[in-house]
Every structure is written in structure tokens, then in C-alpha cells.
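Written below as C-alpha cells is the structure these notes are about.
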Amino acid sequence: MGMSQHILTAVAWPYANGPRHIGHVSGFGVPSDVFSRYQRMAGNKVLMVSGTDEHGTPIQVQADKEGVTARQLADRYNRVIAEDLTGLGLSYDLFTRTTTKNHYSVAQEIFLGLYKNGYVFPKTTMGAVSPSTGRTLPDRYIEGTCPICGYDGARGDQCDNCGNQLDPIDLINPRSRINGETPAFVETEHFMLDLPAFAEALGTYLQSKQGEWRPNVLKFSLNLLGDLQPRAITRDLDWGVPIPLEGWSDRSDKRLYVWFDAVVGYLSASVEWARRSGDPDAWRQWWQNPDARGYYFMGKDNIVFHAEIWPAMLMGYNGEGARGGVPGSLGKLALPSEVVSSEFLTMEGKKFSSSRQVVIYVRDFLERYSADALRYYIAVAGPENQDTDFTWSEFVNRNNGELVAAWGNLVNRSISMAARNFGAIPEAVHLTDADRALLERSRAAFTAVGGELQRSRFKNAVTEAFDVVRDANKYLAEQEPWKIKDDPERQGSILHVALQIVDDVKTLLTPFVPSSSNKIFEMLGGEGVWSGMPEIREVDEDGGPSYPIITGDYDGAAKWEHRPIKAGVPLAPPTPLFAKLDNKIVDEELARLEP
Ligand SMILES: [Zn+2]
């Protein structure tokens, strides 16, 4: 293991317009937590931050529909989402929100830094309004045909088919998604981010990531470079962060564009975390230390913001684009080291959709099944490299075949046999070649599985850990310790080896299934906390209204290393780690999907 490094885990900010479904958390949630838990175990100093993204028109539109304020709607879903993510055991150092004063001031500081360095300029553009209401029609609520690829479901701000950024006026046959009418376009003044001024710097930056980033992410980002356009960073809207310039800051109808303030959240959350930790400058260790690394986790529809626009914003703030400049008052800030993007999860062959009931909410899932069962499924069968379909039958098969029959059974029979025959971890008096081979196999897995986790190859990592489980089960089947009646030394040695493998594999699986690994740690006599779990705390700013944050103490005993178990540690009969699922739940769950 090398020297301890500062690792920023920057997790995509969920939009506060509803509870999270398992499609959301398979993209940004579980992978970022597996990565962070591994990095902490490997001895690194992790800062894992995120929060709810609460501004923008969709929240305003939904609030109008429900007869509440945008703030009330954001308050509701900030809390719901914090509970969803805590239920999954996601180990955020800080999960906050974009409606804090701290976030407003950091987002405004980044805007001002860009403005002072000449990377932000005003422009009169044509904005869409609804002819029937006279109100601004937000980009996301305009749909039409993409002028670049011809896709007929392009949104006003982006085409999800070709990934290009768009302006609503460019759409062919634009229509309002709210009522189908054709929008009218009127003059409006906005600020633009001069993305073309970063073309060269972004090209150099992206080229330096060859061989490091997932190839699909790098290829997609490099392709976008060919057609960089200035991008609007303000909107006609009253819900959002005010524009920090004279003549603008007091206007109620102009705000920073929601994507602009949301990507700044990684930085503002780090600043908030530092303040809450009692050392207001502590965030600089992750943002200004040349040895620190920043890993950004998201779904593939967000690559453009994290591999291109956010790096450009940081370069502009640092004074590193074509116009030069000087770093803003926070000092020079670090660009993402790696952008880890997931593909999409579909649901029984269909796209997840809350409105069409093709959805499994995290909270509903956790009422019926364990967090570890879902975390394991996402790691082994999630959309890491390609779009992937969630099916209930595969969920049941993997839960019963892999977690219960392979892993849970290895733990259960090893501990129960040793508890029954010895009452404690037996001694390994004499090791055979077969014993040694399995022990070496298991120790070698720390390097192999750790290497995969370091590169965010979660599927390979969990599969290699399970190969050890399979080998251990094969070993027990061959050694048959249950048949040995008159040789307690040999029986004890076999069970010692089996328990050592159980201890090793519980460590290897900790990033994936931390709750069950915590139980095994206790079953084998461990004291204190193995791998810490997140909790919700109520906080406020300067005595203002309270809100929930996710945080936790994750400095448990878990280290990424083989630890020799100690003979003589008392053992009690184990309790089951995982629940076997009846096949009839497949039909029950499918019935819930199509009411
Ligand atoms: Zn397109």
C-alpha cells in the first residue's frame, strides 16, 4: 500500500423532485460508496460529498402543480432522498443541499471568478415563452426534433440521443411538453460561458486521461470538443441563485442556470463539510493539494457536465483558458482526476418511469428486502459498462444462489460447526498442501480485488471475491470436516482454514455489503465498529430552519488486508446473514409494476 492520499468522491446530485428509484442509485449511489469504502480501507483520506439539487424550473413547475412553494417541495424531497440514501448505507461525509447560504455564496464566487477573467459575457438571445400564459417556458419543457441527429425527443437544452447541447430555438417543430402548444420566442438578456475559449485546454486535459478513464467516457468527451458553443448560464426564472452583479442581483426574474449552481455543489459541499468539522480550511486538502485525486460518479447523461463544462468552469476560475486570468479568491482549484460514468438500468425491459409506474422506489425496496441484497445486485449485475436490465427473477436467483447458498452458507456452516465442536476458533495444528493453497489463494485476492476496485471495475472485483467463496465451498466439500469423528486436530485445522477464509472474504466484500460484513466481524469476536454506517443529523445555518444532512464516522477497524484469526476466540451459533427469497415474489413484484 502506498502513501495515504486525499481522495474526493464527488457523487452526482439527485434532483429534489421525487424519491429515488433503483435506476438512480445504480448509476451514482452504490458505485461511489463501494469505491469510497474501499479507499478508506486502503488507508486513504476520503471526502465523499453530494446533496440534493433543488433549483430550476422542473421543481418550480411541479410546486405550482401541487400548490406549494418551490422551497416547500425541495424541503420535502431533500428529506425523502436523504432517508433513501441513508437506508442504502451510502457513506457520505456530507450530503447537503443547494439551497444553503454557503452554496449560494460559493456558486456566486465561481461565477464572479469566471466573469472577472473574461470567460462570461452577456448576450441577447431568444427565449421561449408560452403564448397562452405569457410565462417563460423552460428549456426542459420544450421538445422537438434534434437539428443535429434528427432524434425526435430532443429537449430544449440537450439531445439525449447524440449528447449535443442545444438551444430551444434550434429545435425543429418545437412544442411545449406542458400543453403541446408551439412556443413563441422573444428577446431576453443572459450571461454565457465562453466554452470555445477552453477548447485547447480541454483537449490537452482529456488527452492526458487516455488509458485512465473508461473508454466510452473519454471517446464521448473528445467527440464533444469539435463543436463547443458558448452556453447560457442564467435563465428567466425566480427560483435559484441570484446573479452576483450590480443591476442583476436584485432582479427577481433572473437566476443562475440550475446546472451551473449544481456542479459547483461538489466544492460548496466540501467547504460546508470543512466548516462543520471545525477546520474551515480543511477542504483545501482535497482541492488544492497536488497529490489529491477527485473521482466523479454519475450516469452517462451527465458526462458532458463533468468531463467538459465543470472542468472548463474550474479552468476559467483558475485563469487557465485561452484568455488567461488569475485564480479567484478561493485559490486555484483541482480538475476532476477521473469521471466514472455508468450506463442506464432498465426495468423488466422498459425504461424507468415514475409517471408510467415502471419504477421501484428505494424505500419500497428496502421495506421488503435488505440493502445488502440490492447493493450486491447492482455491483454484480448493474449498468457498469452497458445498459442493463433489472429483472426480479435475476434478483431472486442471485440473492438465493450467490448471497444465500454460496456466501451465507459458507459463513454459516463454518461458524456453526466450529461453535458446536469447539466452542471457539480452533487451532490449525497441521496444515496440508490443500489448506495452504486455499489460504494463499485468499490472501492473493486482496491485491486482485483491490486493483479492480481502484479502477472502479466493480463487477470484476465482486466476481473475483466470489471466486474465493466458490473455492472455499469446494474445499469444504472435499475435506468433509463433518465426517471426521475421531481426529479433532484435523477437523479443527480444516475449520480454522475455513474461518480464516470467511474472515478474509468478509473484508473483501465489505465495500459491497457492509452490513453483513459488520455482522461477521462480530460473530468472529471483533469488538467496536468494523465499517461505519451513515446517519442523518439535523443541522441549521446561523439559527435558520433545520434540515437533514447525511454524515457519519467511518473510521472503523476495516482495513484492506488479511488479518490472521486468533484460535481460542469464543464462537456462538451464527444467525443467518441473508434471507432466502421465495420465487413467488417475482409475480408479486411484477403485479405491482402494472396496476
Ligand atoms: Zn441529437
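Basis for what follows: all heavy atoms, side chains included, without hydrogens, waters or symmetry-related copies. Start at 1 and go down the list; that is how both ligands and their atoms are numbered.
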Which pairs would a plain distance check flag for residues 310-318, meaning a side-chain donor or acceptor within less than 3.5 Å of a matching protein atom at least two apart in sequence or in another chain?
from   : atom 1 : to     : atom 2 : distance (Å)
Trp310 : NE1    : Tyr296 : OH     : 3.1
Tyr317 : OH     : Glu109 : OE2    : 2.4
Tyr317 : OH     : Ser329 : N      : 3.1
Tyr317 : OH     : Leu330 : N      : 2.9
Asn318 : OD1    : Leu333 : N      : 2.8
Asn318 : ND2    : Leu314 : O      : 3.3
Asn318 : ND2    : Glu320 : OE1    : 3.3
Asn318 : ND2    : Leu333 : O      : 2.8

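Protein atoms that are N, O or S and lie under 2.8 Å from the Zn ion (ligand 1) are these: Cys146 SG, Cys149 SG, Cys159 SG, Cys162 SG.
Between Trp213 and Tyr205, the ring planes lie perpendicular to each other; the angle is over 60°, past the 30° to 60° tilted range.
For Phe390 and Tyr377, the distance between ring centers is under 6.0 angstrom.
Between Glu384 and Lys459 no salt bridge is recorded (no basic side-chain N to carboxylate O distance below 4.0 Å).
Among the candidates Phe28, Phe458, Tyr295, the single residue satisfying the ring-ring contact (aromatic ring centres under 6.0 Å, His included) test with Phe35 is Tyr295. Applying side-chain contact (heavy atoms from CB on, under 4.5 Å) to Ser26 and the options Pro31, Ser342, Pro383 leaves one that passes, Pro383.
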